[in-house]
Amino acid sequence: MGFYKMIRMGVLLLILLPLTGCWDQRLLKDSLLLIASGFDVEDNGNVRLTMAVLSPRNKVLVFSGTGLSPHDARNKLEERMPGRLDNSNNRLVLIGEAAAKKGIYPLLDIFFRDPSSALNANIGVVKGSAEKYFTRHAKDKMETLQNIDKMFTDKRQTNHIPLANIQSICPIFLDPGEDIILPYLADEKGDLSIIGNALFNGLKMTGTLEKDESILCMLLKGSIVRTASFTFPVKGKKGPASPLSFQIYNNKRKLQVKAGPGGVDARIDLKLNIEIMEYPPDNLSDQDTAGRIEGQLADELTSRSRRVLEKLQKADCDFLGIGRRVIAYYPSYWKETDWDKDYPKAAMTPEIRLHVLKHGILN
């Protein structure tokens with residue numbers, strides 16, 4: 001072989017080196033896309049994992065199995081799957097209520113450690129078993145899972161639930177001064193619906209809030225309202241009480257926390273501007289009537305807010321982040337306190353002021 005021929009061969013080999021392809025390529029046509037997963041815990045402590053995957057033929061397949069851990073269960077399920085699992089498109093994670101009460105971090109650790117995980121997957125607690133939901137409703141029904149995903153978006157806009165996905169809840173797990181709440185779902189008349197929120201103390205579910213309580217809880221948290229509405233009975237000046245529906249236009253919250261020898265004192269001031277959406281007795285243009293309604297609604301909302309705060313404290317769920325304020329402004333007090341024991345004893349006082357900004361085009 002001549003010298004120039006050897007040079008040409010060497011150049012060709014150098015060109016071929018970067019053209020060997022991607023060793024870690026994952027072709028979509030060969031993958032099963034994970035679109036939803038559910039976790040339950042069995043009596044012996046094993047994890048029961050259920051996965052809804054989308055096949056290359058756009059068919060939803062449901063697989064369920066057990067293992068010592070989520071990763072162990074997933075490995076066993078992948079052996080039964082007709083393709084390679086791709087978890088980068090996961091949209092939903094449901095945790096059975098019993099598993100949530102035992103602690104959710106061991107179930108989610110697998111998502112945080114895997115760089116290909118979809119961290120924006122919605123997460124919620126389902127009343128009863130997560131597996132039952134998938135086997136009853138998700139199998140062969142892609143639109144069902146899409147509806148659940150849309151329901152999370154809609155409920156966030158109406159202030160029923162917080163932003164709750166794999167990524168958003170992780171920093172709060174690590175914060176001793178704040179707790180999370182997660183959407184609480186149940187099977188209602190054959191459909192999975194969000195019926196409130198599950199309260200957590202640290203990693204464990206410790207209570208629940210109903211729908212209207214959830215809206216108030218989000219307002220007390222300081223969540224910016226896009227749209228939120230209530231219907232209350234309002235006493236007439238002379239006649240019987242009538243239902244009044246209103247929508248909150250905008251809100252402003254102020255949280256003041258003080259800590260001292262007597263304990264922690266938290267005060268939540270909430271200002272709401274509202275629009276009356278329905279009130280058959282009308283006469284809302286009258287100043288006396290408008291003032292009387294504002295007072296009744298403010299009293300009712302304040303009373304309900306007290307009950308919401310009592311539920312949070314009973315569940316030892318510091319969703320408002322009172323402990324975070326204590327850490328920031330009273331660090332020496334925080335070092336001496338046992339927050340899990342002291343938080344339920346904290347004095348928490350809500351005060352709601354309300355102004356009727358609009359009452360429809362009728363007046």
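Since we're looking at a predicted model, the values are computed, not measured.
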Does Phe152 offer a backbone N or O that forms a donor-acceptor pair with the side chain of Asn122 under 3.5 Å? no

Has Lys311 got more than 12 heavy atoms of other residues, nucleotides or ligands less than 6.0 Å from its NZ? yes

Under 3.5 Å, is there a donor-acceptor pair between the side chain of Thr66 and the main chain of Asn46? no

How many angstroms lie between atom CE of Met151 and atom NE2 of His160, to the nearest 0.5 angstrom? 11.5 Å

Checking Asn120 against Asn165: is there a side-chain donor and acceptor pair closer than 3.5 Å? no

Is a donor from one side chain sitting under 3.5 angstrom from an acceptor on the other, for Asn87 and Ser116? yes

Sidechain-backbone polar pair: Arg156 side chain, Ile161 backbone, donor-acceptor under 3.5 Å: no

Counting distance only, does the side-chain N/O of Arg292 pair as donor-acceptor with the main-chain N or O of Lys235 below 3.5 Å? yes

Side chain to side chain donor-acceptor pair (under 3.5 Å) partners of Asp187, counting only residues at least two apart: His137

Check this for me: does any side-chain nitrogen of one of Arg324 and Glu178 sit under 4.0 Å from a carboxylate oxygen of the other? no

Between Thr50 and Glu131, is there a side-chain donor-acceptor contact under 3.5 Å, judged purely by atom types and distance? no

Quick one: does any side-chain atom of Asn90 pair with a main-chain N or O of Ala118 as donor and acceptor, under 3.5 Å? no

Using a 4.5 Å cut-off on heavy atoms from C-beta on, say whether the side chain of Ile166 contacts that of Ser117. no

Hey, is the main chain of Ala346 close enough, under 3.5 Å, to the side chain of Gln313 for a donor-acceptor pair? yes

Contact between Ile293 and Leu354 at the side-chain level, heavy atoms closer than 4.5 Å - yes or no? no

Please work out which of the three classes, parallel, tilted or perpendicular, describes the rings of Phe173 and Phe112, given edges at 30° and 60°. perpendicular

Between the main-chain N or O of Tyr184 and the side-chain N or O of Asn197, is there a donor-acceptor pair closer than 3.5 Å? no

Does the Asn251 side chain pair with the main chain of Ser223, one donor and one acceptor, at a distance under 3.5 Å? yes

Phe246: partners by ring-ring contact (aromatic ring centres under 6.0 Å, His included), with sequence neighbours left out: Phe230, Phe232

Give a yes or no answer on whether the side chain of Thr158 reaches the backbone of Asp154 with a donor-acceptor pair at less than 3.5 Å. yes

Just by distance, no angles: are the side chains of Ser69 and His71 close enough, under 3.5 Å, to form a donor-acceptor pair? no

What closest approach, in Å, do Glu97 and Val125 show between heavy atoms, and which atom pair accounts for it? CA-CG1, 4.0 Å

Return yes if a side-chain donor-acceptor contact under 3.5 Å exists between Asn201 and Thr206, otherwise no. no

Going by heavy atoms in the side chains, are Ile274 and Leu357 under 4.5 Å from each other? no

Above 12 or not: heavy atoms from other molecules or residues under 6.0 Å from CD of Glu351? yes

More than 12 heavy atoms of other residues, nucleotides or ligands under 6.0 Å from CZ of Arg113: is that the case? no

Tell me, which pairs form a ring-ring contact (aromatic ring centres under 6.0 Å, His included) where one or both residues lie in residues 286-333, sequence neighbours left out? none

Flag the pair Glu310 and Arg306 as a salt bridge only when some basic side-chain nitrogen lies within less than 4.0 angstrom of an acidic carboxylate oxygen. no

